[in-house]
Amino acid sequence: MTRKAAAFGCHNIHDLREAARRFLPRGLFEFIDRGAEDELCLERDVAAFRRVRLLPRVLRDVSRADPAGELLGGPAAFPLAVAPTGGAGMVRHHGDLLLARAAAAAGVPFAISSASNMEVEQICRAGGRLWFQLYLWEDRSLSMAVVERARAAGCEALVVTADIPVSPNREYNRRNGFASPFRLGFGNAADILSHPRWFTAVMLRYLREGGMPAQANLPRPLAHAVTREAAPRARFRGDSLTWDEVARMRDGWPGRFVLKGLLRPDDAERAVALGVDGIVVSNHGGRSLDCAAATLEALPDVVAAVSGRAEVLVDSGVRRGSDIAKALALGARGVLAGRAPLYGLAAGGQAGVEYALDLLKEEFVRTMGLCGARDLSELDAGLLWRSPAEIPAGPS
Ligand SMILES: Cc1cc2nc3c(=O)[nH]c(=O)nc-3n(C[C@H](O)[C@H](O)[C@H](O)COP(=O)(O)O)c2cc1C
């Protein structure tokens, strides 16, 4: 780890974020880093993790603390999966594949985004445990064809994202020319040219190969470059998605089925009733509804509603290994991380993602040791410090 820290000059995810900021054009950095509107939800997510305090157990021989466990019926070296993130192919050349390879090397699952810039089959060649995340295109048959390809290529779980029914408001993307389609103009040309390392390592390679990265999972005539307007039937369109349609998808998918982007216990109940294997308590990393609750605020009620009938994962705001321990103490089976691996990807390609995952794992194992937890089951609710305001008043 020390050698790697020296190579990247980074000692934590915050340092990797700064390295990503230096490498990427500002518009692209903001595209991956920022939230929606006034970014209150993003702040709230991170603050909610920071607020949790633990009461460590001592003198418990933690010399062999074991961070390994199971997520969705398969092994995970520690309780984290790499979240689906569209746009990774703009961060690094073939970024989706680099993320997948790094996750495989780290022994954690990787969720392929349906908005990835490489075909699902190409990404699956990375090996490891792969899940496929689904957004729906206007022409539903296109989405179902991709789901079938993902299954054939070896994806074990289908993750349907529910929290972007309409396009969220991210004003900086429009200001920076990083909206969809991506437009090159006077404003961002200067931004791009002032980041020659990115331009050479990423954009020039695509241009030499004959074009810009594309929405690669659409069938060929529709797989438009990120600089082109999508054909109407190939636009992402989640506004008409309903529970009935999700139930049909559940019934048609033979593997594990996950609903991502729930915050409410009644929605979690409904998801369990239609037979999901997992729920991701998520607000899309603060990139969707800016006035949404922080995911850690929503988590305990969802965990209570699900009551062990499905796995509850949580994301949005994981920046430290200790955040994973906090999520488990609050009842989650594990976490997803989106931006942390992307910062690593920008900072150092596949090695950078591996480093980001190493850092999170090392911090998690250290937190286990410092809390007296020898395995994941010992990261329980008994570790949570409750503020005096939360403690019911006893008899006076
Ligand atoms: C650049 C970027 C692209 C994303 N693309 C997708 C996507 O294609 N599908 C999806 O379900 N979620 C997407 N997300 C949300 C992540 O899966 C995840 O919920 C979120 O990043 C978690 O918060 P964190 O970044 O604080 O870890 C994206 C997030 C980012 C930052």
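Remember, it's 1-based here, ligands and their atoms both numbered in the order they're listed. Everything numeric here is computed off the predicted structure, so don't read it as measured data.
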TODO: Verify the distance criterion only: is there a donor paired with an acceptor across the side chains of Ser116 and Asn217 at less than 3.5 Å?
DONE: yes

Task: Flag for Asn176-Asp191: side-chain donor and acceptor within less than 3.5 Å - done: no

Open item on the list: For the residue pair Asn283 / Ser288, report whether a side-chain donor-acceptor contact shorter than 3.5 Å exists.
Closed with: no

Task: Per-ligand residue contacts, ligand 1, heavy-atom threshold under 4.0 Å - done: Ile32, Ala83, Pro84, Thr85, Gly86, Ser113, Gln133, Tyr135, Thr161, Lys260, Ser282, His284, Gly285, Arg287, Asp315, Ser316, Gly317, Arg319, Ala337, Gly338, Arg339, Leu342

TODO: State whether the side chain of Thr161 and the backbone N or O of Lys260 hold a donor-acceptor pair below 3.5 Å, judged by distance alone.
DONE: no

TODO: Establish, yes or no, whether a centroid distance under 6.0 Å links the rings of Phe110 and Trp131.
DONE: no

Open item on the list: Hydrogens and angles aside, do Arg140 and Ser240 bring a side-chain donor and acceptor to less than 3.5 Å of each other?
Closed with: yes

